[in-house]
Amino acid sequence: MRLDSIRARLLAAAALWLTLALLVSWWIIGAVLTRFVTDRFDAEAAAIVDTVIAGVEVAGDGTVTVARPPTDPRLAMPLSLWAWQLQTADGRVVARAPSLLDLYLDPPTGLVTGGAGIGPEGEPLRVMRRPFTLAGSDSQLAVTVTAPQAEIDTAVARVRRPLAVALIVLGAGLALASVVQVGWGLRSLARMGRDIRAIRTGQAEALPLPPVAELRPVALEINALLDANRTVIGRARDHLGNLAHSLKTPMAALANSLPGDHAGQTLIARMDRQIGWHLRRARSAGSPRLLGHATAVAPVIDDILMVLRRAAEDRGLTVTVACPPGARFAGERQDLEEILGNLLENAVKYAVSRIRVEVAEAGEKLAVTVADDGPGMADADHARALSRGGRLDEMGPPGAGLGLAIVADLAALHGGTLRLGRADLGGLEARVTLPA
């Protein structure tokens, strides 16, 4: 479980505090139960002490006897460790329980309530000793009662076992409740994540207000940011369009004023290519930031082939297209037209007889492959072809030499890639990966 997750942190904190709470509860409740069981044994021992004291009689000659000894059957069971013993202040044993047989207790001195002792064979005992003096007599006596500590421990374990089971069941229930509670609490965040993903993939243009009050300000701020982003990009594109229009007219006038100057025409064509490059790049740089757009791929391919149909027919080219009807590009139509238009124009220009267009979806990626049976290019020329203005056909028409560079730049701006290679048709294969 990753601790950089809100769910993991909440569950880890709940598990920690729940474990501590159950351990403290086990310790406190267990101590109370142990005290209760031990007090019960001490009460039984005290009752035996009171019975022995009540049954003590002194004869006329000063002999001390226990006329009415305790009747608890455990005191008559041999070596049961339940025993009592009456002795004088000098340690002389006057009477003792039948369970001791021929053994004697070695009690501590003074008043003892619930002390620890040792049995005849080293067994741990619970000891109670009470000194007393009979009415009308100066002789001090003491009664000692013992109980087996093992019996007390067994009773304690017997009452603590259900406690452990109850706490385990309670802990499991609370842990399950914590998991449900955390999942319920984070459900709104998961829903907001899906709504944001829908905007990114073009299925929505704004976030719906979540039912949780704490997330509504976040949704409002995101929607405001989306609106501001669209406004800024729209204005930038308007300015770029105006700039393109204002530059094209003087360039056309300049070209017309130099009809016979080949060097001037070449320079003007080069300037036109550079201006077109920078305008396209500036326009496309804002495209990936325009969330909420999605473009069907198949109609764009059909429209571009419609424009290129005359050139393809003149050269006798056969174009095959394999595109899933539901394929969609996570971006604006203009960017997809720019990408596919450049690739198909190059294919129509260099193909001998065949062009193949394939579109495949893989998760969140869209792969478009354009292959032809033309001369292709060497691997060493790929980097040059993708560089700005890098042309492999220096004798080609003006305006060429930027298509592949524009495609690579647009793909990179959308988080994709452009790869060139040798097609199985024999010519160039251009494979561009874009967000689906």
Side-chain angles (χ1 to χ4, degrees), residues 241 244 248 252 269 272-273 275-277 279-281 283-284 287 295-329 331-360 366-377 381-382 385-386 388-411 414 416 418-434:
K248 288 294 183 180
D272 183 65
R273 291 199 307 269
I275 291 172
W277 162 265
L279 288 178
R280 289 188 184 99
R281 194 175 191 278
R283 181 185 66 81
S284 63
S287 302
T295 303
V297 179
V300 174
I301 296 177
D302 293 339
D303 291 345
I304 295 174
L305 291 179
M306 183 68 67
V307 174
L308 298 175
R309 182 179 61 180
R310 173 64 63 86
E313 290 177 350
D314 291 344
R315 303 192 64 236
L317 301 178
T318 301
V319 182
T320 59
V321 179
C323 178
R328 290 163 64 87
F329 162 62
E332 290 193 308
R333 180 184 177 95
Q334 296 92 325
D335 294 330
L336 186 60
E337 288 177 345
E338 191 77 30
I339 293 172
L340 297 182
N342 280 290
L343 294 180
L344 288 172
E345 284 178 8
N346 282 341
V348 169
K349 179 180 178 181
Y350 293 105
V352 175
S353 62
R354 295 176 58 192
I355 298 175
R356 186 178 63 218
V357 182
E358 295 179 344
V359 180
L366 183 72
V368 181
T369 304
V370 178
D372 60 68
D373 60 349
M377 67 174 68
D381 294 329
H382 291 171
L386 295 178
R388 182 178 56 180
R391 296 182 55 188
L392 303 180
D393 56 341
E394 298 296 341
M395 300 303 295
L402 293 174
L404 292 178
I406 292 174
V407 173
D409 194 56
L410 276 173
H414 284 277
L418 172 63
R419 296 287 184 268
L420 301 179
R422 172 67 64 176
D424 55 3
L425 298 179
L428 180 67
E429 178 182 277
R431 178 183 178 87
V432 61
T433 303
L434 299 170

Residue pair [X] / [Y], side-chain heavy-atom distance below 4.5 Å:
X      : Y      : value
Leu336 : Leu434 : yes
Val368 : Thr433 : no
Val359 : Ile301 : yes

Which pair of heavy atoms, one from [X] and one from [Y], lies closest together, and at what distance?
X      : Y      : value
Asp372 : Ala347 : OD2-CA, 4.0 Å
Ala327 : Leu366 : CB-CD1, 4.1 Å
Lys349 : Arg315 : O-NH1, 3.4 Å

Only pairs under 3.5 Å count here: list side-chain donor-acceptor contacts from residues 420-428, not counting sequence neighbours, and write none if there are none.
unit_1	atom_1	unit_2	atom_2	d
Arg422	NH1	Pro375	O	3.4
Arg422	NH1	Gly426	O	2.4
Asp424	OD1	Arg356	NH1	3.4
Asp424	OD1	Arg356	NH2	2.8
Asp424	OD2	Arg356	NH2	3.4

Those residues that, when tested against Asp302, pass salt bridge (charged side-chain N to carboxylate O under 4.0 Å, His left out) (two or more places apart): none
Taking only residues two or more places apart in sequence or in another chain, which ones pass side-chain contact (heavy atoms from CB on, under 4.5 Å) with [X]?
X      : result
Val352 : Asp373
Arg309 : Met306, Glu313
Ala312 : Leu317

Separation of Leu344 CG from Leu308 CG (nearest 0.5 Å): 6.5 Å
CG on Asp409 to CD on Glu338, rounded to 0.5 Å: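 These two atoms lie 10.5 Å from each other.
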Results of side-chain hydrogen bond (donor to acceptor under 3.5 Å, both in side chains) for Arg333 - residues two or more places apart only: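 For Arg333, the residues satisfying side-chain hydrogen bond (donor to acceptor under 3.5 Å, both in side chains) (neighbours in sequence not counted) are Asp303, Glu337.
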Counterpart residues, side-chain hydrogen bond (donor to acceptor under 3.5 Å, both in side chains), relative to Arg431 (two or more places apart):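 Result, side-chain hydrogen bond (donor to acceptor under 3.5 Å, both in side chains) vs Arg431: Thr369.
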